[in-house]
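Below is one structure, written out as structure tokens, with a few remarks after it.
Numbering of residues begins at 1 and proceeds along the displayed sequence.
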Amino acid sequence: MILHTTDNGVLWITLNRPAALNAITPDQRERIITRLSDASADPAVRAVVITATGKGFCAGADLRGGAAADVSGSAAAQPTERVAGDVARLIRRGAQRLVSAVLDCEKPVLAAVNGTAAGLGAHLAFACDLVVAAESATFIEVFARRGLVPDGGGAYLLPRLVGPQRAKELLFFGDAVTAADAERMGLVNRVVPDAGLEKAARDWAERLAAGPTRALALTKHLVNASLEADRGTAFAAEAAAQEINMTTADAREGVTAFVERRRPTYRGR
């Protein structure tokens, strides 16, 4: 259900349940989390792409069975009697862990959205550092349609991408957003023809993989943390990141290449 391969420093994670529009099962979720965690520690991996097979990127959590729904961490699990705290626990262990794994990955993560991204599937894409979407892709906040509040970090991610009022519009109405409109709003970085999605994702991912890996990891952390930090805290974190980064071989290579007026060759170390 999850395909994975590493090519030219890029780990490709591919959701592979096309008949179910790649709705995420518990097993898929755990495999994605593990792959992202392993990527952080693997020097051979310098960028990650998350994509899918078939017509859908991800239809959200697989809710067809009680156990699957529970472990996927969706509030739409079977309507059986629950103990207070069960739903919150499921969300923390399921959808939130998946989104956090993307946000916390120390390598740049790019989403190549090939089709519909709904609910948790949309949040999986929005958590990525960069999003490239096929022209036929759509994004849908389905929660209000089902009488639910968003999970998987939706109410955290969307205001940071498009602002609170636009986020409320998307979450309140649950209307499908085309790839073109998503690009205009700032939800995705680039929209490309369907046939060119893999190439566009590969081009960007390989550029990232050829970059200064530790500098990119520190930059990702600074940007993500800045959204909750005051200026003093953000400036202190920036200075600390610079201190750490200047101990890397890639930083020395970058400065040396500038002085020698040549193109730098980064090794990710």
Side-chain angles (χ1 to χ4, degrees), residues 4-14 32 34-51 100-113 125-134 157 160-161 183 186-193 196-269:
H4 61 92
T5 184
T6 301
D7 182 27
N8 287 335
V10 179
L11 169 63
W12 290 76
I13 299 174
T14 305
I32 295 169
T34 298
R35 293 295 170 193
L36 290 168
S37 177
D38 290 348
S40 290
D42 187 352
V45 175
R46 297 173 64 185
V48 179
V49 175
I50 298 177
T51 190
S100 293
V102 178
L103 293 170
D104 295 338
C105 183
E106 295 178 28
K107 308 298 168 65
V109 183
L110 185 152
V113 182
F126 298 154
C128 293
D129 302 303
L130 299 169
V131 182
V132 179
L157 295 166
R160 287 162 171 75
L161 291 170
E183 183 181 32
L187 290 169
V188 307
N189 296 87
R190 181 176 295 181
V191 176
V192 299
L197 178 64
E198 181 178 346
K199 182 181 185 304
R202 186 176 297 278
D203 287 348
W204 267 16
E206 291 185 353
R207 283 183 63 187
L208 292 168
T213 306
R214 295 310 305 165
L216 295 181
L218 290 164
T219 300
K220 173 175 178 172
H221 175 75
L222 287 175
V223 173
N224 288 349
S226 73
L227 298 170
E228 281 82 44
D230 58 64
R231 184 183 66 184
T233 301
F235 278 21
E238 178 185 276
Q242 288 283 16
E243 181 74 23
I244 294 168
N245 190 63
M246 288 308 294
T247 67
T248 67
D250 279 348
R252 292 192 293 274
E253 165 65 8
V255 173
T256 301
F258 175 77
V259 171
E260 295 177 355
R261 298 183 179 181
R262 61 174 174 81
R263 197 177 173 86
T265 301
Y266 296 118
R267 305 293 183 187
R269 301 177 185 274

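- In terms of the side chain to side chain contact (heavy atoms under 4.5 Å, CB included) criterion, Glu243 has no residue partners (sequence neighbours excluded).
- Annotation: side chain of Ile50 is in contact with side chain of Cys128 (closest heavy-atom distance under 4.5 Å).
- Contacts classified as salt bridge (Lys or Arg N to Asp or Glu O under 4.0 Å) and involving residues 220-230 (residues at least two apart or in different chains) are given here: Asp129-Lys220, Arg160-Glu228.
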Output a table of donor-acceptor pairs, distance under 3.5 Å, between side-chain atoms of residues 4-13 and any protein atom two or more places apart or on a different chain; print 'none' if there are none.
residue	atom	partner	partner atom	Å
His4	NE2	Arg35	NH2	2.7
Asp7	OD2	Arg202	NH1	3.1
Asn8	ND2	Glu206	OE2	3.1

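- For Ser40, the side chain to side chain contact (heavy atoms under 4.5 Å, CB included) criterion is met by Cys105, Glu106, not counting sequence neighbours.
- Applying the salt bridge (Lys or Arg N to Asp or Glu O under 4.0 Å) test to Asp203 and every residue at least two apart in sequence or in another chain returns Lys199.
- Residues that satisfy the salt bridge (Lys or Arg N to Asp or Glu O under 4.0 Å) test with Asp250, not counting sequence neighbours, are absent from this structure.
- For Thr247, there are no side chain to side chain contact (heavy atoms under 4.5 Å, CB included) partners at least two apart in sequence or on another chain.
- Residue pairs satisfying the side-chain hydrogen bond (donor to acceptor under 3.5 Å, both in side chains) criterion with at least one member in residues 253-264, sequence neighbours excluded, are listed as follows: Glu253-Arg262, Glu260-Arg262.
- Contacts of Thr213 classified as side chain to side chain donor-acceptor pair (under 3.5 Å), with partners at least two apart in sequence or in another chain: Arg46.
- Residues satisfying the side chain to side chain contact (heavy atoms under 4.5 Å, CB included) criterion with Leu130, sequence neighbours excluded, are Leu110, Asn189, Trp204, Leu208.
- Shown here for Ala200 and Val132, the closest heavy-atom pair between the two residues is CB-CG1, 4.1 Å.
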